[in-house]
J.: 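The structure that follows is given in the form of structure tokens.
Computation of the quantities below employed the complete heavy-atom set of this structure, encompassing side-chain atoms and omitting hydrogens, waters and symmetry-equivalent molecules.
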Amino acid sequence: MRQTLGDLMRMSRICRMVFATCLGSFILVIFYFQSMFQPVMRRNPFVVDGCCRKGSRNALQELYNPTQVGRSNSAVLHQARRDQVVDACRVHSASSRKRRVLTPGDLKHLVVDEDHELIYCYVPKVACTNWKRVMMVLSGRGKYSDPMEIPSNEAHIPSNLKTLNQYTIAEINHRLKNYLKFLFVREPFERLVSAYRNKFTLKYNSSFHKRFGTRIIRRYRKNATQDAMLNGADVKFKEFTEYLVDPATQRDGPLNEHWQTVYQLCHPCHIHYDLVGKYETLEDDANYVLRLVGVGNSLRFPSYAKSTRTTDAMTAQFFSNITTQQQIQLYQLYKMDFLMFNYSTPSYLRLD
């Protein structure tokens, strides 16, 4: 009897220890998520938080505490862009912070470079292929030297770059606090038309024609031919617009990354981005990032083919073929991108 009582007491102590361990782990997980995804706040003073290699300065230190006396024009510009994002998120906090806790799955667009302590959120149709090439050079430890020698399809192979969702919660939290985080944005409707032109008007994108084109034509084209419904190769911009603003599309799940909003891809109202580059000033902004990293003398951002670029005039022409109601609905869909990144309402837009 005495032995049985002793056994029961030992089992009780073990159970209490197991329970305490589980409870502590659960609280720790909650702590990491809450601390990692607090709503974005202004952050002027830079505080070193164990982020750097001994005897070196990383890009985040160089941005907030530059070695050169005084602030450069680039530093002032990017401070204004950060402030714009913060202000837009605050003013529209009811809609911008519906999801207060992000999951690791929301971080799949954030590419990590451990050697230079960088995090880049890639946005399709905003020079992301070239940025992925540059990130492969930076994180490749000598495997690559010239970004343009990397084939574009290789730049998009997931295993060639590490993304933030592949880390543990503690590792994610540390990197979000201590690495320089940047993204590049573009006038929302130019980016949208660029995505349409690339994915629906070029013959080689047959996978998009099959995956999205057939669905769009079946839903929105009256008297569609059998060939069009099978191949989906000639989607009109008006049909693409109908697909985007249709509530049924929203119920199907997140939009494809090529026409998803930057707000949804990179979560700038939850994650504090230190630099917001723009497609309109791509080379200047990109090379500023590389100077902060300390590789500005040895690595330049690749130039791009301006002759094929989707312009404002071209975008206006596409928008002239859709109804006023569709224009209003599209603006509402991309409104947060316009506001956060200080893009004015296009003059060609009919919002009356």
J.: Kindly compute the distance separating CG (Leu292) from CG (Leu63), expressed to the nearest 0.5 Å.
T.: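 CG of Leu63 is found 5.5 Å from CG of Leu292.
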J.: In the hydrophobic clustering (ILVMFWY, side-chain contacts below 4.5 Å, transitive), which residues join Met148, or is it alone?
T.: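 Met148 shares its hydrophobic cluster with no other residue.
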J.: Looking only at heavy atoms, what is the nearest atom pair of Asn287 and Arg300, with distance?
T.: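 Looking at all heavy atoms of both residues, the shortest contact is ND2-NH2, 3.2 Å.
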J.: Would Tyr343 and Glu280 satisfy side chain to side chain donor-acceptor pair (under 3.5 Å), going step by step from the backbone distance to the final call?
T.: CA-CA 11 Å; Tyr343 287 108; Glu280 295 78 11; 2.7 Å; yes
J.: Restricting to ring-ring contact (aromatic ring centres under 6.0 Å, His included), what partner residues turn up for His209, sequence neighbours left out?
T.: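 Once residues adjacent in sequence are excluded, His209 has no partner under the ring-ring contact (aromatic ring centres under 6.0 Å, His included) criterion.
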J.: With sequence neighbours left out, what residues match Asn165 under side chain to side chain donor-acceptor pair (under 3.5 Å)?
T.: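 Result, side chain to side chain donor-acceptor pair (under 3.5 Å) vs Asn165: Thr163.
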J.: First locate atom CD1 of Ile119, then atom CE of Met135, and finally report the distance between them rounded to the nearest 0.5 Å.
T.: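 With rounding to 0.5 Å, CD1 (Ile119) is 8.5 Å from CE (Met135).
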J.: Tell me, please, which residues at least two apart from Tyr334 pass side chain to side chain donor-acceptor pair (under 3.5 Å).
T.: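 By the side chain to side chain donor-acceptor pair (under 3.5 Å) rule, Tyr334 matches no residue at all.
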J.: Please list, chain by chain and in numerical order, all residues satisfying side-chain contact (heavy atoms from CB on, under 4.5 Å) with Ala228, sequence neighbours excluded.
T.: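 Only Ile217, Arg221, Thr225, Asp234 meet the side-chain contact (heavy atoms from CB on, under 4.5 Å) criterion with Ala228.
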J.: Which distance, rounded to the nearest 0.5 Å, do you find between the NE2 of His78 and the CG of Asp83?
T.: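 The CG atom of Asp83 is 13.0 Å from NE2 of His78, to the nearest 0.5 Å.
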J.: How close do Val134 and Pro147 get, heavy atom to heavy atom, and via which atoms?
T.: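 So the two residues come closest at CG2-CG, 4.1 Å.
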J.: Going by the disulfide (SG to SG under 2.5 Å) test, which pairs reach into residues 188-267, not counting sequence neighbours?
T.: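 Checked against disulfide (SG to SG under 2.5 Å) - neighbours excluded - the pairs reaching residues 188-267 are Cys121-Cys266.
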J.: Ring centroid separation for Phe240 and Tyr220, is it under 6.0 angstrom?
T.: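 Not close enough - the centres of the two rings lie 6.0 Å or further apart.
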J.: How long is the span from the CD atom in Glu149 to the CZ atom in Arg133, to the nearest 0.5 Å?
T.: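 The distance works out to 11.0 Å.
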J.: Strictly by modelled atom types, are Thr103 and Asp106 linked by a side-chain donor-acceptor pair under 3.5 Å?
T.: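 Thr103 vs Asp106: donor-acceptor pair found between side chains.
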J.: Apply side-chain contact (heavy atoms from CB on, under 4.5 Å) to Ser159 and list each qualifying residue two or more places apart in sequence or on a separate chain.
T.: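 Counting only residues at least two positions away or on another chain, Ser159 forms a side-chain contact (heavy atoms from CB on, under 4.5 Å) with Ile157.
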J.: Report yes or no: is the cationic atom of Lys162 (NZ for Lys, CZ for Arg) under 6.0 Å from the centre of the six-membered ring of Tyr167, at an angle within 45° of the ring normal?
T.: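 Judged by the rule (NZ or CZ under 6.0 Å from the ring centre, within 45° of its axis), Lys162 counts as positioned above Tyr167.
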J.: With ring-ring contact (aromatic ring centres under 6.0 Å, His included) as the rule and sequence neighbours excluded, what pairs involving residues 309-329 come up?
T.: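 For residues 309-329, and leaving out neighbouring residues, the ring-ring contact (aromatic ring centres under 6.0 Å, His included) pairs sorted by first residue read Phe189-Phe319, Tyr196-Phe318, Phe237-Phe318, Phe237-Phe319, Phe319-Tyr348.
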J.: Which one of His174, Glu114, Glu117 satisfies the side-chain hydrogen bond (donor to acceptor under 3.5 Å, both in side chains) criterion with Tyr179?
T.: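 The residue from His174, Glu114, Glu117 that satisfies side-chain hydrogen bond (donor to acceptor under 3.5 Å, both in side chains) with Tyr179 turns out to be Glu114.
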J.: Checking Glu171 against Thr168: is there a side-chain donor and acceptor pair closer than 3.5 Å?
T.: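 Yes - a donor-acceptor pair under 3.5 Å links their side chains.
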J.: Closest heavy-atom contact between Pro268 and Cys89?
T.: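 The answer is O-SG, 4.1 Å.
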J.: Quick check for you: to the nearest 0.5 Å, what is the distance between Leu330 atom CG and Leu351 atom CG?
T.: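 Between atom CG of Leu330 and atom CG of Leu351 there are 10.5 Å.
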J.: With sequence neighbours left out, what residues match Leu77 under side-chain contact (heavy atoms from CB on, under 4.5 Å)?
T.: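 Result, side-chain contact (heavy atoms from CB on, under 4.5 Å) vs Leu77: Arg81, Asp285.
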J.: Please report the closest heavy-atom contact between Ile328 and Arg350, naming both atoms and the distance.
T.: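 The answer is CG1-O, 3.9 Å.
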J.: Please state whether the rings of Phe208 and His258 are parallel, tilted or perpendicular, taking 30° and 60° as the class boundaries.
T.: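 Perpendicular, since the angle between the ring planes exceeds 60°.
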J.: From Leu183 CG over to Lys278 NZ, what is the distance, rounded to the nearest 0.5 angstrom?
T.: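 The distance works out to 11.0 Å.
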J.: Which residue pairs pass the ring-ring contact (aromatic ring centres under 6.0 Å, His included) test when at least one of the two sits in residues 122-160, sequence neighbours left out?
T.: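 Only His109-Tyr122, Tyr120-Trp131, Trp131-Phe182, Trp131-Phe184, Trp131-Phe301 qualify under ring-ring contact (aromatic ring centres under 6.0 Å, His included).
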J.: Quick one: name the residues clustered hydrophobically with Leu202, using the 4.5 Å side-chain heavy-atom rule over I, L, V, M, F, W, Y, and just say none if it's on its own.
T.: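 Joined to Leu202, directly or through intermediates: Tyr204.
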J.: Can you check side chain to side chain donor-acceptor pair (under 3.5 Å) on Glu62 and Asn58, steps first, answer last?
T.: CA-CA 6 Å; Glu62 191 60 38; Asn58 71 352; over 6 Å; no
J.: Given side chains that start at C-beta, do those of Ser298 and Leu290 come closer than 4.5 Å, heavy atoms only?
T.: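 Ser298 does not reach Leu290 side chain to side chain.
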J.: Mind checking what makes salt bridge (Lys or Arg N to Asp or Glu O under 4.0 Å) contact with Arg219, not counting sequence neighbours?
T.: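 In terms of salt bridge (Lys or Arg N to Asp or Glu O under 4.0 Å), with neighbours along the sequence ignored, Arg219 is linked to Asp252.
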